[in-house]
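Heavy atoms only: backbone and side chains are in, while hydrogens, waters and symmetry mates are out. One-based numbering, in listed order, for ligands and for the atoms of each.
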Amino acid sequence: MTMTQTLEQPKTASTRIQKVGVAGCGLMGGGIVETAASFGFQVVVREVSQALLDKGMSRIEKSLDRAVEKGKRTREQKEATLAQIHRTTQIKDFADCDLVMEAIIENIDEKRAFYTELDRVAKKEAIFASNTSSLSITEMAAVTGRRDRFCGLHFFNPVPVMKLVEVVRTIDTSDDTYREAMAFAKALGKTVVTAKDSPGFVVNLLLVPYLLDAVRALEKGVATREDIDAGMKLGCGHPMGPLELLDFVGLDTTYYIAEIMFSEFKDGRYAAPPLLKQMVKAGYFGRKSGRGFYEYQG
Ligand code: CAA
């Protein structure tokens, strides 16, 4: 596979990374797989079950099909991208990856268990990077024997579209790891901002209280859902209103991020409003469940 077979611009930033492992093929993991493969990286994607792997891959194929329909890439380029992706349910298939990106469930115990196992199978010089939005990277790195080769690489949804990646350095992340992580993100055409390992990094530190305030405004009856969203779209030029964005990101995801940030900061701005909690408990997760602040068909 040569870089010219893909539609995206060739990698410009110089990086030693050739083969990328991605753990988790949900919305974020799948987006990272699609983007890395589109830019010519060899990708190994792992899910915990064949059913989840098939579901994730079918989302990626649909996204590539949409790009073909829109004339953004050819059918051959789509096939070339898919050919870059090796699918597996085995963690041992990460053995020869230069970088392993983790985008599994947002739960510290699950992540620590994953990294403990990964550390045993991955090659010594491989870099590990978590896509966590709010959990401690330091705490994950602590279960491995490679704290210096560990960082955060936080992508945004939809990954192929959003231009930002937050590179998160812990007190142990080496300069070399930081440089490689930056080079990888830039090779995917992303702009990088650097943050220290503090809950929410830059974007969620500011975004989460804003989203929670929108729910509080709805709870208080300040305005309708439509008017809250129109206010921020038309008044501030945001592409989506906050309630639409909550449906897009996932109410459950935002709720868990808020809980983590509240438990860290003990600051009321990060406390999930009762309405959000009730909706999550009722299974209203947003677009993915067909109902959130709005209703979705299909
Ligand atoms: N994959 C690939 N491309 C996609 C896509 C996807 N999932 N979704 C949209 N696109 C592309 C479309 O193909 C289209 O491309 P062209 O303009 O080249 O044709 C472009 O994005 C715009 O899409 P649409 O015209 O369909 O729709 P839109 O104009 O309403 O844009 C949007 C959709 C890009 C999602 C836009 O509404 C937006 O930017 N929303 C805000 C998203 C945001 O804030 N994300 C961050 C969430 S926070 C987070 O992720 C971090 C966390 O930790 C919680």
Side-chain angles (χ1 to χ4, degrees), residues 7-9 24-39 56-73 77-78 81 101-107 111 129-137 152-168 185 188-191 193 195 198-212 214-215 229-230 232-234 236-261 270 272 276 280 285-288 292 294 296:
L7 180 77
E8 312 292 347
Q9 292 301 307
C25 196
L27 218 52
M28 297 305 291
I32 296 167
V33 169
E34 180 186 338
T35 307
S38 300
F39 278 85
M57 282 307 302
S58 105
R59 200 186 293 115
I60 292 172
E61 290 193 32
K62 275 198 199 109
S63 177
L64 292 170
D65 280 337
R66 255 199 325 266
V68 172
E69 279 157 28
K70 285 189 158 195
K72 287 196 204 169
R73 73 180 72 211
Q77 285 164 332
K78 175 200 148 184
T81 298
M101 279 289 323
E102 169 269 311
I104 68 169
I105 185 171
E106 199 70 342
N107 173 296
K111 289 194 193 272
S130 177
N131 182 57
T132 184
S133 325
S134 47
L135 292 168
S136 164
I137 310 278
L153 273 173
H154 185 215
F155 289 79
F156 293 83
N157 183 25
V159 177
V161 179
M162 303 309 281
K163 289 286 167 225
L164 187 73
V165 173
E166 291 178 307
V167 177
V168 183
L188 300 182
K190 304 298 184 193
T191 297
V193 296
S198 166
F201 317 126
V202 176
V203 174
N204 279 335
L205 186 73
L206 305 179
L207 178 66
V208 171
Y210 157 70
L211 296 178
L212 300 180
V215 181
D229 281 340
M232 295 311 292
K233 275 194 286 195
L234 304 178
C236 296
H238 291 193
M240 284 177 169
L243 302 172
E244 279 180 280
L245 185 55
L246 273 157
D247 278 0
F248 183 69
V249 169
L251 273 61
D252 51 338
T253 306
T254 311
Y255 175 69
Y256 296 125
I257 295 174
E259 290 278 283
I260 292 163
M261 294 180 79
Y270 298 97
L276 181 64
V280 171
F285 297 154
R287 283 195 192 189
K288 62 185 161 189
Y294 297 89
Y296 303 87

> Hey, mind stepping through F285 and L246 against side-chain contact (heavy atoms from CB on, under 4.5 Å) and telling me if it holds?
Replying inline: CA-CA 9 Å; F285 297 154; L246 273 157; over 6 Å; no
> In terms of side-chain geometry, is the basic nitrogen of K288 or D252 positioned less than 4.0 Å from the acidic oxygen of its partner?
Replying inline: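 So K288 pairs with D252 through a salt bridge.
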> Salt bridge check: are K111 and E106 linked by an N-O gap of less than 4.0 Å?
Replying inline: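 Judged by the 4.0 Å cut-off on N to carboxylate O distance, K111 and E106 do form a salt bridge.
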> How would you list, by chain and number, every residue that makes a ring-ring contact (aromatic ring centres under 6.0 Å, His included) with Y270, sequence neighbours excluded?
Replying inline: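 Per chain and number, Y270 pairs via ring-ring contact (aromatic ring centres under 6.0 Å, His included) with F265.
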> Between V203 and V193, does a side-chain contact (heavy atoms from CB on, under 4.5 Å) hold up when you go through it step by step?
Replying inline: CA-CA 10 Å; V203 174; V193 296; 5.7 Å; no
Which N or O atoms of ligand 1 sit under 3.5 Å from a protein N or O, and how far apart is each pair?
residue: ligand 1; atom: 13 (O); partner: K70; partner atom: NZ; Å: 3.0
residue: ligand 1; atom: 13 (O); partner: K72; partner atom: NZ; Å: 3.1
residue: ligand 1; atom: 15 (O); partner: K72; partner atom: NZ; Å: 2.9
residue: ligand 1; atom: 18 (O); partner: K72; partner atom: NZ; Å: 3.1
residue: ligand 1; atom: 19 (O); partner: K70; partner atom: NZ; Å: 3.0
residue: ligand 1; atom: 45 (N); partner: N157; partner atom: O; Å: 2.8
residue: ligand 1; atom: 50 (O); partner: N157; partner atom: N; Å: 3.0
residue: ligand 1; atom: 53 (O); partner: S133; partner atom: OG; Å: 3.2
residue: ligand 1; atom: 53 (O); partner: H154; partner atom: NE2; Å: 3.0
residue: ligand 1; atom: 53 (O); partner: N204; partner atom: ND2; Å: 2.9

>> Distance alone, cut at 3.5 Å: any donor-acceptor contact between the side chains of Y296 and D247?
In response: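 D247 and Y296 do have a side-chain donor-acceptor pair below 3.5 Å.
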